[in-house]
There are 2 protein chains.
Amino acid sequence: MTIATRKQREKEEMRQLILEAAKSIFLEKGYEATSIRTIAERIEYSPGTIYLYFKDKDELFHALHEEGFRIMLEKMQPLQHVPDPMNRLIAMGRVYMEFALTNKDFYDLMFIMEAPMDHECQEEQHEKWKMGDSTLNYLKTVLRECQEVGYFKGLDVEYLSFMIWSSLHGMCALYCRGRCQAYENYQPEDLIKNGMEYYISMLKKA
Amino acid sequence: MTIATRKQREKEEMRQLILEAAKSIFLEKGYEATSIRTIAERIEYSPGTIYLYFKDKDELFHALHEEGFRIMLEKMQPLQHVPDPMNRLIAMGRVYMEFALTNKDFYDLMFIMEAPMDHECQEEQHEKWKMGDSTLNYLKTVLRECQEVGYFKGLDVEYLSFMIWSSLHGMCALYCRGRCQAYENYQPEDLIKNGMEYYISMLKKA
DNA sequence: TGTTTTTCTGAACACTGTTCATTTATTTTG
DNA sequence: CAAAATAAATGAACAGTGTTCAGAAAAACA
């Protein structure tokens with residue numbers, strides 16, 4: 001092994017070390033507490049070092065952002081074997097919802113926070129959404145299959161997918177940002193579960 | 001006039017002065033730029049003075065938060081004269097959407113940001129949502145009227161209102177936080193407009 | 001070994017919200 | 001009107017934040 005490749009590997013390992021530390025602090029104590037200094041302290045390096053591996057905090061959180069999509073896509077994977085497209089669509093929705101409820105911080109980072117989206121990629125304009133695109137494209141594919149078996153007749157898949165994604169996101173976002181408090185006597189999980197059921201039965205009639 | 005009442009009036013005027021400055025900076029340059037120091041500079045007082053009129057930054061932004069709801073409620077007001085409840089519901093949705101698109105920062109503050117919600121009211125637990133509650137209660141009322149003329153049969157108004165609000169919010173939230181970029185070749189306004197039409201036609205069948 | 005290149009440090013910068021002793025202004029009292 | 005008491009405003013200071021960069025330390029090369 002040449003010395004150059006080892007250095008390259010070490011560089012990648014260091015990036016991962018920083019990322020792992022950032023992730024653990026982020027999941028333990030949330031976004032606010034995940035500062036450059038706390039990450040540096042955790043891995044026992046100086047704050048300045050982190051900037052040798054990440055351009056800025058946005059780039060760092062963009063990496064976590066992508067990790068979130070990886071986890072989500074993984075949970076979507078098994079659904080490919082659901083034969084009926086409409087059932088697959090509904091199952092996808094449930095997985096999406098479940099992900100948001102059990103990975104609140106990740107969901108927030110992926111779909112609500114501005115931070116990781118500000119990150120300018122030099123490579124491509126939309127490389128930042130590589131993972132998000134995959135999920136969205138899969139949704140569109142499922143919708144087209146639904147159309148083939150008679151659902152959503154005459155509707156544009158682009159607008160339809162946006163509407164469906166939005167509706168789920170709306171519930172998740174209100175949940176993540178504490179707006180379910182508007183329903184004093186109801187549990188957020190209850191609102192979401194029932195709201196979802198209503199939405200599904202509405203979709204089936206469309 | 002006693003001196004005490006004049007002092008009280010002056011105190012209220014000062015609160016308004018701070019609030020107006022905060023609002024103008026907030027609308028001009030966004031949340032990030034609206035710091036205690038920039039507000040103080042604008043009204044030509046020292047930073048410390050602001051804390052004599054507002055407990056903390058959260059209380060200040062909670063006041064702006066309420067102002068947002070006042071503006072929105074004002075735009076909802078004329079819709080009370082729409083006779084058909086279903087048309088009124090749809091009109092409400094359009095006003096809501098329009099508000100979000102033309103008052104992005106206010107919408108963000110009202111429904112997405114965490115800041116003004118953290119604000120602990122000493123008076124009542126949910127005094128913070130006084131304005132939001134009004135809007136939500138009006139939505140529920142309209143939905144009940146819709147049920148009286150045959151729509152949404154057998155559905156619980158609580159869950160139904162949450163689902164409808166969520167769906168609209170989802171589109172607004174994705175718009176506010178730049179997630180419409182996922183649809184590279186589509187204008188956000190276009191996505192929302194069409195997504196909304198699809199949703200309305202779905203609602204009518206429910 | 002000495003020289004060059006790479007890696008890392010930590011102080012410094014400009015910012016944030018917030019506090020509080022001190023100063024300034026106003027009102028009440030003698 | 002002058003003095004004492006009260007109220008209001010100040011601005012330096014504190015503990016944070018992301019980020020930069022001259023200089024020190026370590027590693028690689030000659």
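All values below come from the heavy atoms of this structure, side chains included, with hydrogens, waters and symmetry mates left out.
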Novice: Considering heavy-atom distances to DNA chain C, does B:G48 or A:K11 have its closest nucleotide positioned more toward the 5' end?
Specialist: A:K11
Novice: To the nearest Å, give me how far apart NZ (B:K55) and C1' (C:dT19) are.
Specialist: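 Computing the B:K55:NZ to C:dT19:C1' distance gives 14 Å.
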Novice: Find which nucleotide of DNA chain D each of A:E32 and B:E44 is nearest to by heavy atoms, and output the residue with the more 5' nucleotide.
Specialist: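 Whichever sits nearer the 5' end wins; that is B:E44.
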Novice: Is it the case that the side chains of A:D156 and B:Y198 hold a donor-acceptor pair, with the cut-off being a distance below 3.5 Å and no angle test?
Specialist: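 No pair is found: no donor N or O on one side chain lies under 3.5 Å from an acceptor on the other.
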Novice: With B:K193 as the cation and B:Y186 as the aromatic partner, state whether NZ or CZ is under 6.0 Å from the six-membered ring centre and within 45° of the axis.
Specialist: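 No, B:K193 does not sit over the ring of B:Y186.
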Novice: Would you kindly say whether A:Y96 and A:Y107 are connected by a side-chain donor-acceptor distance under 3.5 Å?
Specialist: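 Yes, A:Y107 and A:Y96 have a side-chain donor paired with an acceptor closer than 3.5 Å.
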Novice: So does A:R37 reach the base of D:dG16 with its side chain, donor to acceptor, closer than 3.5 Å?
Specialist: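 Per atom types, no contact qualifies.
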Novice: Answer with base, sugar-phosphate or nothing: what part of the nucleic acid does B:T49 contact at a heavy-atom distance below 4.0 Å?
Specialist: base
Novice: Map A:M14 and B:I36 onto DNA chain C by nearest heavy atom, then report which one ends up closer to the 5' terminus.
Specialist: A:M14
Novice: Rounded to whole angstroms, how far apart are CZ on B:R9 and C1' on D:dA7?
Specialist: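 Value for this atom pair: 17 Å.
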Novice: Give the rounded distance in Å between these two atoms: CZ of A:F54 and P of D:dG18.
Specialist: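 My rounded result for the distance is 14 Å.
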Novice: Measuring from the side chain of A:K7 (C-beta onward, heavy atoms only), which nucleotide among C:dT7, C:dT9, D:dT19 has the closest atom?
Specialist: C:dT7
Novice: Whole angstrom is fine here: how far is it from OH in B:Y51 over to C1' in C:dA21?
Specialist: 18 Å
Novice: Rounded to whole angstrom units, what separation is found between the CG atom of B:L60 and the P atom of C:dG17?
Specialist: 10 Å
Novice: To the side chain of B:T38, which of D:dT10, C:dT16, C:dC8 is closest?
Specialist: C:dT16
Novice: Does C:dT16 have its OP1 or OP2 closer than 4.0 Å to a side-chain nitrogen or oxygen of B:S35?
Specialist: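 For C:dT16, OP1/OP2 do have a side-chain N/O of B:S35 under 4.0 Å.
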Novice: Is any side-chain nitrogen or oxygen of B:Y53 closer than 4.0 Å to OP1 or OP2 of D:dA9?
Specialist: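 Result: yes.
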Novice: On the six-membered ring of A:Y53, is A:K11 placed so that its NZ or CZ lies under 6.0 angstrom from the centre and within 45° of the ring axis?
Specialist: yes
Novice: How close or far is atom P of D:dG11 from atom CD of B:E41, stated in whole angstroms?
Specialist: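 For the pair B:E41 CD and D:dG11 P, the rounded distance is 12 Å.
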Novice: Could you walk me through whether B:Y183 and A:S161 satisfy the side chain to side chain donor-acceptor pair (under 3.5 Å) test, starting with their C-alpha distance in whole Å, then the side-chain angles of each, then the deciding distance to 0.1 Å, before giving a yes or no?
Specialist: CA-CA 10 Å; B:Y183 292 82; A:S161 64; 2.7 Å; yes
Novice: If each of A:D58 and B:Y45 is mapped to the nucleotide of DNA chain D with the nearest heavy atom, which maps nearer the 5' terminus, i.e. the 5' end?
Specialist: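 Counting from the 5' end, the first nearest nucleotide belongs to B:Y45.
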Novice: When you get a sec, tell me which of C:dT7, D:dA8, C:dT18 is the closest nucleotide to the side chain of B:D56?
Specialist: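 Given the options C:dT7, D:dA8, C:dT18, the side chain of B:D56 is closest to C:dT18.
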Novice: Counting heavy atoms from C-beta on, name the nucleotide in C:dG10, D:dT17, D:dG18 closest to the side chain of A:K57.
Specialist: D:dG18
